Amino acid sequence: SPSAAEIEKALQAEKDRAKETQANVSKLTEKERTLNASMAQAEDRIDQMQKKIAEQENELATLEAAQGLNRRQYDELTSNRAKTEQDLAQLMRFLWPVFVGQESMGARDGVAWAEAERDYLWTAELMRQITERQDTLREQESAISDSLSRREMLAMQLRKQLEAINQDKDVLLADKLRFQRELGAVRQEKKDAEAQVKEVLATIQSLNIRLEKASIPKNEIPQPPAGGKGKRPWPASGR
């Protein structure tokens with residue numbers, strides 16, 4: 001059987017092993033805590049991105065609806081402008097003979113001149129109103145065109161931001177999955193290390209018992225009574 005010195009040496013080796021294993025468990029526990037924190041941060045950022053994506057999708061839908069409305073307004077104003085130009089051209093065709101007639105008639109009596117003046121003023125007022133309306137339509141068309149361009153630019157920017165956010169979200173999801181895999185591996189490693197610690201502690205306990213037995217001097221170990229069968233003393237007097 002091994003001596004007390006050999007048992008003590010084995011006991012010290014197991015204690016060192018237990019210390020190292022417990023340190024490894026502590027290290028794995030800290031790593032597990034760090035991974036949990038990192039995964040929680042990734043989940044928070046994913047939640048924030050999902051909210052931001054939802055907000056930007058709503059903004060994008062609003063812009064697209066406004067774009068549709070502006071396109072219809074643009075088409076309507078363009079149609080009105082075309083009608084105004086047709087009306088103006090028709091008036092010009094009507095006014096041209098009047099001007100020609102006035103030039104060819106030369107001197108006219110007072111009634112004719114008064115009538116011609118009324119015709120001229122009436123047609124001039126119509127031309128002024130139509131020209132003013134045409135200018136207004138042109139300004140509105142320009143404003144709506146600018147608005148369309150601005151909204152299209154904003155929509156493009158939103159789409160690019162949405163794509164970038166989705167890419168970041170994909171990266172975060174990949175990180176989260178990686179954290180989960182690493183966390184699973186660390187937990188398994190920690191479980192194995194904890195089992196190893198229990199095994200080492202059980203070995204240490206067994207060695208301690210053996211060491212106690214090996215350390216007792218032989219003359220102090222209880223010996224059986226001298227003599228063989230039938231020679232042992234009675235434990236007490238009497239039959």
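When reading the values below, keep in mind they use all heavy atoms of this one structure, side chains included, and skip hydrogens, waters and symmetry mates. Quantities reported herein were computed from a predicted structural model and do not represent experimental measurements. One is the number of the first residue; the rest follow in order along the sequence.
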_I'd like to check R187 versus K191 (side-chain heavy atoms, cut-off strictly below 4.5 Å). Are they in contact?_
no
*Quick one: are R178 and D175 in side-chain contact, heavy atoms under 4.5 Å?*
yes
Minimum heavy-atom distance between [X] and [Y], given as atom pair plus value:
X	Y	answer
A193	L28	CB-CD1, 4.2 Å
E182	L35	OE1-CD2, 3.3 Å
L207	E14	CD1-CG, 3.7 Å

_Tell me whether S142 contacts the main-chain N or O of R138 through its side chain, where contact means a donor paired with an acceptor under 3.5 Å._
no
_Cluster link V186 to V197, ILVMFWY, side chain under 4.5 Å_ = no
Is the closest basic N to carboxylate O distance between [X] and [Y] below 4.0 Å?
X	Y	result
E20	R17	no
R72	E76	no
E30	R33	yes

When rounded to the nearest 0.5 angstrom, what is the spacing between [atom1] in [X] and [atom2] in [Y]?
X	Y	atom1	atom2	value
L201	K15	CG	NZ	11.5 Å
R210	L11	CZ	CG	10.5 Å
K27	E189	NZ	CD	9.0 Å
K31	N36	NZ	CG	13.0 Å
N166	L173	CG	CG	10.0 Å

*asked:* Heavy-atom count check: over 12 atoms from other residues, nucleotides or ligands less than 6.0 Å from K190 NZ?
replied: yes
*Count the heavy atoms belonging to other residues, nucleotides or ligands that lie under 6.0 Å from CD of E32, then report whether that count exceeds 12.*
yes
*Could you tell me whether the side chains of Q12 and D16 share a donor-acceptor contact shorter than 3.5 Å?*
yes
*Going by the side chain to side chain donor-acceptor pair (under 3.5 Å) test, which pairs reach into residues 196-209, not counting sequence neighbours?*
none
